[in-house]
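What follows is a set of notes on a single structure, which appears directly below.
Worth saying up front: this structure is predicted, and the values here are computed from it rather than measured.
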Amino acid sequence: MPDIAAHEPINQDFTGKDIISIDQFTPADVERLFAEADAMQQAVTQDGGSDLLKGKLMASLFYEPSTRTSSSFLAAMQRLGGGIIPINEVNYSSVAKGENLEDTVRTLECYSDVIVLRHGKIGAAALAAAQVGIPLINAGDGAGEHPTQALLDLFTIQKELGRIDGLNITLLGDLKNGRTVHSLARLLAMYKSQLNYVSPNQLRMPAELVATLDAAGVQQYQTDSLDEVIGDSDVLYVTRVQKERMVSDDEYKEVKGSYVITPETMTQAKPNMALMHPLPRVGEISSQVDSDERSAYFRQMEYGMYVRMALLALVLGKTTAPAASRQAEAAQPELVRM
Ligand code: NCD
């Protein structure tokens with residue numbers, strides 16, 4: 001087993017770094033990323049994007065199914081003028097011949113400047129990142145983490161509610177196997193949030209994660225009743241039961257359909273609550289709720305592209321420089337060549 005480097009803190013310098021876990025981030029890093037994501041939104045709205053990553057290539061390697069994460073990364077890279085090597089169906093790559101993850105990412109390192117990886121095993125992103133010298137972004141490692149999703153979720157919260165500090169946030173569904181909620185809870189913990197966990201007993205938030213956040217002084221409340229907490233929630237974040245991570249069909253049948261958000265559920269919610277879901281949904285939110293203006297899950301997908309554009313630019317050492325520093329540069333006297 002190769003040595004897996006500890007996740008390197010971002011420390012406000014994203015250049016060349018792997019993005020493996022939310023633990024690498026501080027609020028200052030998040031602020032930096034969101035400023036860049038705002039600039040990306042503006043660039044897309046005005047011109048469809050920019051040429052910031054012209055000449056750069058992103059390899060995207062997905063060992064598990066994906067619609068949003070994979071297509072938003074591909075769109076993000078291309079909207080910045082970069083190229084892509086999309087491997088969405090690993091069964092048609094040399095993985096089908098038995099090539100291991102280490103050799104596969106080493107191969108992609110030869111052709112690209114950044115790798116985006118989704119894999120079914122916890123820790124796969126860290127293992128793969130240790131093999132290559134270019135940035136590797138974790139797009140989901142089994143039931144482990146999904147840091148870019150958590151970042152786009154927080155960006156959505158900021159856009160929807162206008163703030164991210166001191167909110168009452170309810171995470172609902174499969175909290176045991178859902179990697180999005182594992183990363184999001186870690187991220188929200190930095191913002192003095194009250195976290196409510198609503199799930200069937202079998203699908204509770206991992207005790208280890210709850211203990212870590214508890215030691216950090218985070219207010220957490222576990223229940224199986226949404227009614228208990230919905231009225232106080234600023235955000236309701238719904239997730240699907242992760243069928244593919246269950247040992248048997250019976251286990252799935254027992255918990256599937258435990259919670260369904262309907263227009264009636266929404267009558268108990270605050271008038272400005274944000275209803276979110278990483279998607280795909282498989283029945284947890286009735287489509288009748290889609291027209292409710294508090295339903296943020298479609299906007300959430302769009303925000304995801306801006307955040308991924310920002311992240312790709314920053315790890316590749318590029319930035320849409322803030323106006324102030326550009327002016328300062330322009331004001332510098334030209335260097336006299338000797
Ligand atoms: C999530 C994932 O893959 O973890 N989807 C996503 O990335 N938007 C959630 C899920 O599959 O339930």
Side-chain angles (χ1 to χ4, degrees), residues 10-19 24-25 28-62 66-88 105 107-118 129 132-139 147-149 151-152 154-156 158-159 299-335 337:
I10 302 293
N11 215 0
Q12 294 194 61
D13 180 9
F14 290 75
T15 308
K17 303 244 167 93
D18 302 311
I19 307 295
Q24 294 171 263
F25 287 80
D29 302 323
V30 172
E31 204 180 307
R32 176 81 193 84
L33 179 71
F34 286 5
E36 200 63 34
D38 279 333
M40 295 302 179
Q41 180 171 13
Q42 213 179 345
V44 171
T45 310
Q46 280 169 4
D47 305 310
S50 77
D51 274 343
L52 197 64
L53 296 184
K54 191 160 180 256
K56 302 283 186 191
L57 275 178
M58 175 190 82
S60 110
L61 179 62
F62 279 65
S66 171
T67 302
R68 273 148 293 271
T69 306
S70 111
S71 54
S72 66
F73 264 114
L74 298 174
M77 192 64 186
Q78 294 181 104
R79 283 195 182 272
L80 289 171
I84 51 168
I85 304 175
I87 306 183
N88 279 341
V105 291
T107 308
L108 293 173
E109 180 184 23
C110 301
Y111 310 133
S112 60
D113 303 287
V114 56
I115 297 173
V116 175
L117 173 71
R118 169 167 290 187
V132 295
I134 59 174
L136 185 138
I137 300 176
N138 181 6
T148 67
Q149 179 72 42
L151 292 163
L152 80 85
L154 189 66
F155 188 68
T156 303
Q158 187 177 61
K159 292 283 181 187
R299 296 187 287 277
Q300 192 177 347
M301 289 192 268
E302 182 187 332
Y303 291 135
M305 186 178 74
Y306 307 134
V307 171
R308 288 177 172 134
M309 287 171 80
L311 206 51
L312 286 168
L314 289 170
V315 298
L316 290 170
K318 302 281 183 184
T319 174
T320 312
S325 66
R326 261 193 259 134
Q327 275 160 14
E329 249 169 53
Q332 293 238 327
E334 257 185 59
L335 283 177
R337 286 185 199 279

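Using a 3.5 Å distance cut-off with no hydrogens or angles, the side chains of T148 and R308 do pair a donor with an acceptor.
Between atom CG of residue D47 and atom CD of residue Q42 there is a gap of 9.5 Å, rounded to the nearest 0.5 Å. With rounding to the nearest 0.5 angstrom, the CD1 atom of I134 is 9.0 Å from the SG atom of C110. For the atom pair T15 OG1 and L314 CG, the distance stands at 7.5 Å (nearest 0.5 Å). Considering NZ of K318 and NZ of K54, their distance stands at 11.0 Å, rounded to 0.5 Å. I115 CD1 to E109 CD: the interatomic distance, rounded to the nearest 0.5 Å, is 6.5 Å. Separation of atoms CE (M301) and CZ (R68) is listed at 6.0 Å; rounding is to 0.5 Å.
The closest side-chain heavy-atom distance from K56 to V114 is not below 4.5 Å. Q78 places none of its side-chain heavy atoms less than 4.5 Å from the side chain of M309. Side-chain contact between L316 and M58: absent, with no pair of heavy atoms (C-beta onward) separated by less than 4.5 Å. Looking at heavy atoms from C-beta onward, L312 lies in side-chain contact with I137 at the 4.5 angstrom threshold. A 4.5 Å side-chain heavy-atom check between F73 and S60 finds every atom pair outside the cut-off. Considering only heavy atoms from C-beta on, L154 comes within 4.5 Å of F34 through its side chain. The side-chain heavy atoms of E36 and F14, taken from C-beta on, include no pair separated by under 4.5 Å. By the 4.5 Å heavy-atom criterion applied to side chains, R32 and T319 are counted as neighbours.
Proximity of a side-chain donor or acceptor of Q24 to a complementary backbone N or O of D18 within less than 3.5 Å is detected. For the pair N11 (side chain) and D13 (backbone), a donor-acceptor distance under 3.5 Å is absent.
The number of heavy-atom neighbours closer than 6.0 Å to NZ of K17, taken from other residues, nucleotides and ligands shown, is above 12.
The two residues A139 and R118 have their closest heavy-atom pair at O-NE, 2.8 Å. Smallest separation of non-hydrogen atoms from L57 and S112: O-CB, 3.6 Å. In terms of heavy-atom proximity, A310 sits nearest to A37 at CB-N, 3.6 Å.
A salt bridge is defined here as a Lys NZ or Arg NE, NH1 or NH2 lying under 4.0 Å from an Asp or Glu carboxylate O, and K159 with D38 meets this definition.
Paired with I19 under the rule side chain to side chain contact (heavy atoms under 4.5 Å, CB included), one option of L136, I10, N138 passes, and it is I10.
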